Novice: 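Starting off with a structure, shown below.
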2 protein chains.
Amino acid sequence: MTVPARRRSTRDRPAKAPLSEQAVVDAALAILKSEGLEAVTMRRVATALDTGPGSLYVYVSGRDELLQAMQERVTATIELEKPNPKRWRAQLHALLGRMLDALIAHPGLASVSMADPPTSAATSAALENLLGLLFAGGVAPQDAAWAADIFAALVTFNAIEADTRRVDITEHAEEIARYFAALPPERYPLITANVGALVAGDPRRRFRFAVDVVLDGILARSKDGRPD
Amino acid sequence: MTVPARRRSTRDRPAKAPLSEQAVVDAALAILKSEGLEAVTMRRVATALDTGPGSLYVYVSGRDELLQAMQERVTATIELEKPNPKRWRAQLHALLGRMLDALIAHPGLASVSMADPPTSAATSAALENLLGLLFAGGVAPQDAAWAADIFAALVTFNAIEADTRRVDITEHAEEIARYFAALPPERYPLITANVGALVAGDPRRRFRFAVDVVLDGILARSKDGRPD
DNA sequence: ACCTGAACACCGTTCAAGT
DNA sequence: ACCTGAACACCGTTCAAGT
C-alpha cells in the first residue's frame with residue numbers, strides 16, 4: 001500500500017500576501033551583503049522570500065533589472081552635501097569617499113554599476129552634486145562634465161579592486177610584492193627596482209592620491225584657459 | 001522490433017588527436033570576438049573543438065582560468081615601444097590607446113582584466129613599459145607607480161563603456177542626452193543646463209582628455225616637489 | 001595521458017494551473 | 001492580479017569508462 005500521489009495540483013499551500021519590488025530588492029541586498037554577488041540568484045532570492053522563482057517576475061523583469069534596482073537603491077543612500085565654495089575640495093573628497101564606501105559595502109555591485117547606463121534618479125542626484133562641487137571650485141562646464149566621468153572611473157575601479165582583495169588586504173599586497181620581486185631584473189628592471197613604490201600605500205591613500213591628481217590636472221587646465 | 005540500444009560504452013567514436021591550451025584559448029577567443037563574452041561557455045568552446053566539455057579540463061582548470069589565459073594572450077599582442085625622453089608623452093598616449101584598442105577588440109575582456117590580479121608576464125611587460133615612459137618624463141617613482149594604477153583604471157573603464165554602447169555610438173549618446181534633458185530642472189539644474197557638455201566628445205576624445213588631465217596632475221605634483 | 005559523454009547540482013525564464 | 005511549482009533550455013564541473 002503506497003502513500004497516495006501528491007503532485008496533482010500546481011500548489012501545495014495557499015498563496016501568500018503579495019510581495020513588492022521593495023521586498024525583492026531588500027532580500028537581494030541582504031544576500032549580496034552576506035554572501036556576495038554570485039549568491040544573488042533568482043532562486044536564492046525567491047527562497048529567502050519563501051516563494052518560487054517565478055514569483056519574482058511580477059516585480060522585476062529579470063535578474064539584470066534586479067541588479068540595477070539594487071544599485072539604484074544603494075546609490076540613493078549616499079549622502080549629498082550643498083556645495084560650499086570655501087571648502088569644495090574637501091567636500092568633493094568626502095563625496096567620492098562615500099560613493100566608494102557604499103560600493104565596497106556591497107561587494108560586486110561596482111561591476112554592475114559599471115555596465116549600467118548612468119540614467120537613474122539616484123545616479124543623477126550624485127552627478128548633480130558632483131557638478132555642483134566642481135563648479136564651486138571654478139571648473140569650466142566642459143571640464144567638469146568630463147572630470148565627472150574620470151571620477152566615476154576611479155570610484156568604480158577602486159571598489160572592484162577592494163572586492164578582489166576582500167580576504168586579506170596586506171596579504172594581497174605581499175603576494176603581489178613577492179611576484180614582482182621574483183621577476184627577472186634583466187627583462188623587468190623598473191618593476192623589480194621599484195617593488196616598494198608599486199605596492200605602497202593602502203587603498204584609501206591611493207584613492208585620495210588619484211582624486212588629487214585629477215583635480216590638480218583639471219585645475220591646471222582651467223587656469224591656463226586651454227581650448228578644451 | 002526495435003533498434004538495438006546504443007549507449008553502452010562511454011564513447012561513440014575514436015579519440016581525437018590531443019588538444020592544447022593554445023587550441024582551447026584560440027577557440028575561446030574566436031567565440032569571444034564573434035559572439036561576445038556570454039557565449040564563451042565551456043560547452044560552447046568544447047563544441048567548437050568538436051569535443052565534450054570535460055576534455056577542456058585537461059588544459060585549463062576551469063572557466064575563470066580560461067578567461068585569464070585569454071586576457072593574457074590579448075595583452076601579449078600589445079606593441080611596446082622603447083621610451084624616448086623626447087617624445088615620451090606621445091608614446092604614452094599611443095601605448096594607452098593600443099591597450100584600449102586591444103580590449104575593445106575583445107568585448108567583455110575588460111571586465112575580466114579588472115577582476116584578475118596584475119600578476120602575469122604580459123601585464124608586467126606593459127607595466128614595465130608604462131613605468132619607463134613615466135620615468136622618461138621625469139616623474140618620481142612613487143608618483144609613477146600610483147599613476148600606472150590610474151591609467152589602468154582609465155583604460156579598463158573606457159573599454160567597458162565601449163562594450164556597453166557597442167550597438168550604436170551616437171544613438172547611445174542621444175539616448176542619454178534625452179534622459180538628462182527630460183529631468184526636472186528644479187531638482188537637477190546643473191545637469192539640465194549642461195546636457196551638451198555632459199554628452200560631448202566621442203569616446204576617443206574623452207579618453208585622451210582623461211589621460212592628459214592625469215598627466216598634467218602628476219607633472220604638477222613632481223614640479224612642486226610635493227611630499228605627496 | 002587524454003578523450004568521451006553521462007551525470008550532478010545548479011542557473012534564468014516561462015507558463016499552465018490554481019486562488 | 002499574483003502566487004505556485006513544474007518544465008525548458010541552458011550552465012560549470014566531475015568522473016567512470018574507454019583507448
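Throughout, protein chains are lettered first and strands after them, A, B, ... in sequence-line order, and every chain is numbered starting at 1. Only a predicted model underlies this, so the values are computations on that prediction, with no experimental measurement involved. Keep in mind that the numbers below use all heavy atoms, side chains included, and drop hydrogens, waters and symmetry copies.
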Novice: Taking only the side-chain heavy atoms of B:V58 (C-beta and beyond), determine which of C:dC3, D:dT4, D:dC2 contains the nearest atom.
Specialist: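 The answer is C:dC3, which lies nearest to the side chain.
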Novice: Say you draw a straight line from CG of A:L190 to OG of B:S124; how long is it, rounded to the nearest 0.5 Å?
Specialist: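 Between A:L190 CG and B:S124 OG, I get 12.0 Å after rounding to 0.5 Å.
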Novice: Starting at atom CG of A:L49, determine the distance to atom P of D:dC2, rounded to an integer number of angstrom.
Specialist: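 One finds 15 Å between P of D:dC2 and CG of A:L49, rounded.
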Novice: If only side-chain N and O atoms of A:T51 are considered, is one of them under 4.0 Å from the OP1 or OP2 phosphate oxygen of D:dT4?
Specialist: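 For D:dT4, OP1/OP2 do have a side-chain N/O of A:T51 under 4.0 Å.
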Novice: Does A:E175 have more than 12 heavy atoms from other residues, nucleotides or ligands lying within 6.0 Å of its CD?
Specialist: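 Check fails, neighbour count at 12 or below.
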Novice: Are any of A:Y59's side-chain N or O atoms less than 4.0 Å away from OP1 or OP2 of D:dA1?
Specialist: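 Checking A:Y59 against D:dA1: no side-chain N or O falls below 4.0 Å of OP1 or OP2.
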Novice: Output the distance between atom CD (A:E79) and atom CD (A:E81), rounded to the nearest 0.5 Å.
Specialist: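 The CD atom of A:E79 sits 8.5 Å away from the CD atom of A:E81.
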Novice: Between CG of A:N129 and CG of A:L80, what distance do you get to the nearest 0.5 Å?
Specialist: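 With rounding to 0.5 Å, CG (A:N129) is 4.5 Å from CG (A:L80).
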Novice: How does DNA chain D look in dot-bracket notation if pairs are Watson-Crick or G-U with both distances under 3.5 Å, crossing ones as [ ], other-strand ones as |?
Specialist: ||.|||||...|||||.||
Novice: Pull out every protein N or O sitting under 3.5 Å from an N or O of nucleotides 10-12 of chain D, one pair per line with the distance.
Specialist:
residue : atom : partner : partner atom : Å
D:dG12  : OP1  : B:M42   : N            : 3.2
D:dG12  : OP1  : B:R63   : NE           : 3.4
D:dG12  : OP2  : B:M42   : N            : 3.0
D:dG12  : N7   : B:R43   : NH1          : 2.4
D:dG12  : O6   : B:R43   : NH1          : 2.9

Novice: Please, which pairs that meet side chain to side chain donor-acceptor pair (under 3.5 Å) have at least one residue in residues 108-119 of chain B, sequence neighbours excluded?
Specialist: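 Applying side chain to side chain donor-acceptor pair (under 3.5 Å) to every pair that reaches into residues 108-119 of chain B, excluding sequence neighbours, yields nothing.
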Novice: What's the CD-P distance between A:E21 and D:dC3, to the nearest Å?
Specialist: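 In whole Å, D:dC3 P lies 13 Å from A:E21 CD.
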Novice: In terms of side-chain heavy atoms of A:P53, which of C:dT13, D:dC3, D:dT13 is nearest?
Specialist: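 That would be C:dT13.
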Novice: Between A:D143 and A:I218, what is the shortest heavy-atom contact and its length?
Specialist: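 Distance-wise, the nearest heavy atoms are O-CD1, 3.9 Å.
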Novice: Taking atom CZ of B:R98 as the centre, report whether more than 12 heavy atoms of other residues, nucleotides or ligands fall under 6.0 Å from it.
Specialist: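 Atom CZ in B:R98 is packed in, count exceeds 12.
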Novice: Side-chain N or O of B:S55 less than 4.0 angstrom from OP1 or OP2 on C:dC2?
Specialist: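 Answer no for this pair, as no side-chain N or O of B:S55 is under 4.0 Å from OP1 or OP2.
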Novice: Under the salt bridge (charged side-chain N to carboxylate O under 4.0 Å, His left out) rule, what do B:R44 and B:E35 come out as? Steps first, then yes or no, please.
Specialist: CA-CA 11 Å; B:R44 187 80 185 59; B:E35 301 175 55; 2.4 Å; yes
Novice: In plain terms, say whether B:R204 and B:D101 are close enough for a salt bridge, that is, a side-chain N and a carboxylate O under 4.0 Å apart.
Specialist: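 Yes, B:R204 and B:D101 are salt-bridged.
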Novice: Between A:L56 (CG) and D:dC3 (P), how many Å, whole number?
Specialist: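 So the two atoms are 9 Å apart, to the nearest Å.
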